[in-house]
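Step one of this worksheet: look at the structure below.
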There are 2 protein chains.
Amino acid sequence: MAKLQDVATLAGVSTATVSRTLNNPELVDPSTRQKVANAISTSGYQRNETARSLAMRSSRTIGLLTDTFSSNYFAPILDEAIKILHDFGYYAIVEATGNHANHKNVELQKRAWRSLINRQVESIIVLCAFMDDRELDEMLMEFPSAINIGHSVEQAKSRCITVDHYTGGQLAAQHLIEMGHRNIAMISGPADRLDSQQRGDGFKDELNKHGIDLPSSKVYTGNYSVLGGSQAMQKLLETGHEVTAVFAQNDDMAVGVINECFSRSIEIPKDLSIIGFDDSSMATSTMPPLTTISQPLKQMSQSAATLALNLSVGRKNDKPLAKPTIHFLPELIARQSVANLAKPV
Amino acid sequence: MAKLQDVATLAGVSTATVSRTLNNPELVDPSTRQKVANAISTSGYQRNETARSLAMRSSRTIGLLTDTFSSNYFAPILDEAIKILHDFGYYAIVEATGNHANHKNVELQKRAWRSLINRQVESIIVLCAFMDDRELDEMLMEFPSAINIGHSVEQAKSRCITVDHYTGGQLAAQHLIEMGHRNIAMISGPADRLDSQQRGDGFKDELNKHGIDLPSSKVYTGNYSVLGGSQAMQKLLETGHEVTAVFAQNDDMAVGVINECFSRSIEIPKDLSIIGFDDSSMATSTMPPLTTISQPLKQMSQSAATLALNLSVGRKNDKPLAKPTIHFLPELIARQSVANLAKPV
DNA sequence: ATCCAAAATGTAAGCGCTTTCATAGACCAT
DNA sequence: ATGGTCTATGAAAGCGCTTACATTTTGGAT
C-alpha cells in the first residue's frame, strides 16, 4: 500500500506538500497540485486514516452504544444517525450489547463504553433501553460530549434527546375520549422504566381530567413485547372487564393485543378499539392499521447526530451546526384501530 | 488524558516496560508489574487505541457495509456479528448506505467501501441486498479479506456466505404438496435478484417433479415488501385463480398477503394457505403464525464474523478459529398458515 | 536593479504507542 | 573466577500522517 512518502517521491515534492494538496489544496500551486494528483492516481495511494487521526489528535469517529439493531424503534434511529455522520466525513463505531434487562448487561455496557473511549471516539451516542438512570448520568458526566437518546437524567440533561412521553399519554387519552370511549384499559410497559411511567401518568391524568377513572384493576403490565401484549390482553379478557378501548404503551404490545383478539374472533375496531405508541414500522401493516402515537424518531436521531458533531473535538474550529432540538413532542397518528363511538355509522 | 509516558514516569520505568506490562505481562517481573498497575490506576490511564493501531499496523477493526438496520433480515445478522467481533477484542465500523435499489446507491456503496478501507479495517463484511453481482465480485477481489453475506459471486466464491435459496424453494413446494395442495400460486421477489430467481426455480422445479404446473399466469411479482405482497395478492384475487395455496418468497410479502386476505374476510388457512420465506421475527406474530422457510441467520452471521477474523492481519499469527461454514441449508418451519388438505379434519 | 510582502515549498518535530536490539544482572555449572 | 544462559529492562527507531516554522520563490512597486 502506497504511503504519503511514495507519492511525494513520485511527484518530486515533499510529504508536506502532498499532505497540503490533500487537505488544503488552496495552499498549493495548481501545477504542483496536478503533479501530486497524477502521482496519487498512478500509485493508487489511499490515505491511512489511523495515522491521520493520530497526527490530528482527532478520530472523526463517533461511538454508537446500543442494545440491539433488532428493534423497530432503534433501527431507524441508528440508520439516520449513521447517514448524517457519514455526510460529515465521520465514522461510526458501533457496540451492541444485546437485549437483556439484567444486571449482566450493565457490565457489558460499561465495557463497551470504555472500549469506545479508548478508541478515541469524539462523542458517544447512547441508545439503550435498559440502562440505569444513575449509572447513565455518571457515564455521561464522565465523557462531556456523550449524549443519550431516550432518557433524561439530572446532571447531563442538556445532552439528552427525549420525547415527551407524558404528553404522548395524554394524546392517546384525548383521542379515545373524543371517539366516545369511557371504559378503558391500559397495558403498560415495564414498571421500572421511566418512559412507561410517564406514558401511563399522562394517560391517567388526562382521563381523570375528563372524569374517567383508570383503576389499577384495569392496568396490565406487559414488557413492551408482542408476547407480553397478548398475555396482558388474555388476562384482561379473563377478568371480564367490559372495556371498549385499550391503550397499549407501545406498538409491539398492540400487535399482541390484536393477535389475541383475532384468535378469539374479537373484531377490531368494532368490538374493541386499540391505540398504540411509537408508530413503528409494523403499525401500517397490522390489520386494521394501527392508530398510534408517533415519536419523531428521524428528527430525534438527527438532533443526536448533530449534537454529537457539535461537541466533537475534530469540529471544534468549524462553525457549529444549527442548535439541535432536545425535547420532542409526540403526535397522534389516527389510522383505523379506534372506533368512533360518538358518531356511530 | 494520561499517556503511556506519564505512567512510565510515575512507575519509575520505561515506556517499553509499561507497554509490556499491558500486552505481555509474563515478560515483566511481578514487582514491576505491580508498580505499573498502581501507576495506571492512580493516573487513570486509558490506552489510545489509535496510536496502538498505527504502531501495530493492525486496527483490530472490521468494517460492516450494509443497506440499513431497519430490516428483520439484516438486524439480527448485524447484532450477532458485532457481538462476536467484540468478544475477540475487535471493533466494528458501520456504514449504512440506505435502502434504495437505484443506481445512486452503487455510488454511495463504493464511497462507503473506500472509506472503510482508508480506515484500515482488516476485513469488510458486506450485507447489501441491492448490489450488482459483477460490481460486488470486483470489490471483493480488490480487498482479499472482504466477505459477503447473501450473494455468491464467481471469483470470490470462497468468501461468500450463502443460503441455498433453491433448496428453500423446493422445501416450500414439498410442504405444500405433502399437505395436499395442487393448485398453487407464487409471489416472487424482484426479478433481477438472484436469490429470488433461485427460490422461484427451486419451487417450480419441485412442483414440476410432482407433475404440477406453475404457469407464469400464477406468478406475481412483489418487491419483498409488505405492500408489494398485498398488491400482488390483490391482482391474484382479481384474476380469479382458484388456488388453495400461495408461496410468498419472503415473510414481509406473506404479511401483505395475510392482510389482504383479512380485509376480504378470506380465512387463513381455511380458505387459503400461505407459506413464506426467511422466518423473520414477524413470522411468529402474524395471525395465524406463519409457516415459512428459515434461514439460519445467526449461524450465517457467526460464520461471517469468524471468517472475517480469520482473514484479519491482526490475527495472522494467532491460531485460526474453526473453519466456518460457507454454505447453509434452509429449513421448513411449519406453523399454522398452511392447511392440510390431504387429511382434512 | 532593488526591496519587500505574499505565496509556495521544504524541514523536521511530533502524535502515543510497539518492538527490535542492546545491555545489565542473576544464576548456575565448571 | 570464568563463561554461558536466562530474565528483566531500557534506548531508540519507527508506524504514516500533520503542521509549525524556516526557507525559497515570485511578482510587483519603487
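Residue numbers begin at 1 in each chain, while the letters A, B, ... track the order of the sequences. The figures that follow rest on heavy atoms only: side chains count, while hydrogens, waters and symmetry mates do not.
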Can you tell me the distance, in whole Å, between the CZ atom of A/Arg52 and the P atom of D/dC15?
20 Å
Taking only heavy atoms on the protein side, list every residue of residues 36-47 of chain A lying under 4.0 Å from any atom of DNA chain C, sorted numerically.
none
If you compare all heavy atoms of B/Ala112 against all heavy atoms of B/Leu65, which two are closest, and at what distance to 0.1 Å?
CB-CD1, 3.6 Å
Should [X] be listed as having a side-chain N or O under 4.0 Å from OP1 or OP2 of [N]?
X	N	answer
B/Ser19	C/dC17	no
B/Asn48	C/dC15	no
A/Ser14	C/dT9	no
B/Thr32	D/dT9	yes

Starting the side chain at C-beta, find the nucleotide from [options] nearest to [X].
X	options	result
A/Thr17	C/dG10, D/dA8, C/dT18	C/dG10
A/Arg57	C/dT19, C/dC15, C/dT9	C/dC15
B/Ala51	C/dG16, D/dT9, C/dA12	C/dG16
B/Ala16	D/dC17, D/dA12, D/dT9	D/dA12
A/Arg20	C/dA12, D/dC17, C/dT9	C/dT9

Side-chain donor-acceptor pair under 3.5 Å between [X] and [Y], yes or no?
X	Y	value
A/Ser43	A/Asp6	no
B/Arg47	B/Asn23	yes
A/Ser115	A/Glu95	yes
B/Asn118	A/Gln46	yes

Evaluate side-chain contact (heavy atoms from CB on, under 4.5 Å) for A/Ile93 paired with A/Leu64, printing each intermediate quantity in order.
CA-CA 6 Å; A/Ile93 292 190; A/Leu64 255 37; over 6 Å; no
Rounded to 10°, the helix from C/dA1-D/dT30 to C/dT30-D/dA1 deviates from straight, judged by its five-pair end axes, by 50°
For A/Glu142, does the CD atom have more than 12 heavy-atom neighbours from other residues, nucleotides or ligands under 6.0 Å away?
yes
Taking the side chain as C-beta and beyond, is there a heavy-atom pair between A/Phe69 and A/Val94 under 4.5 Å?
yes
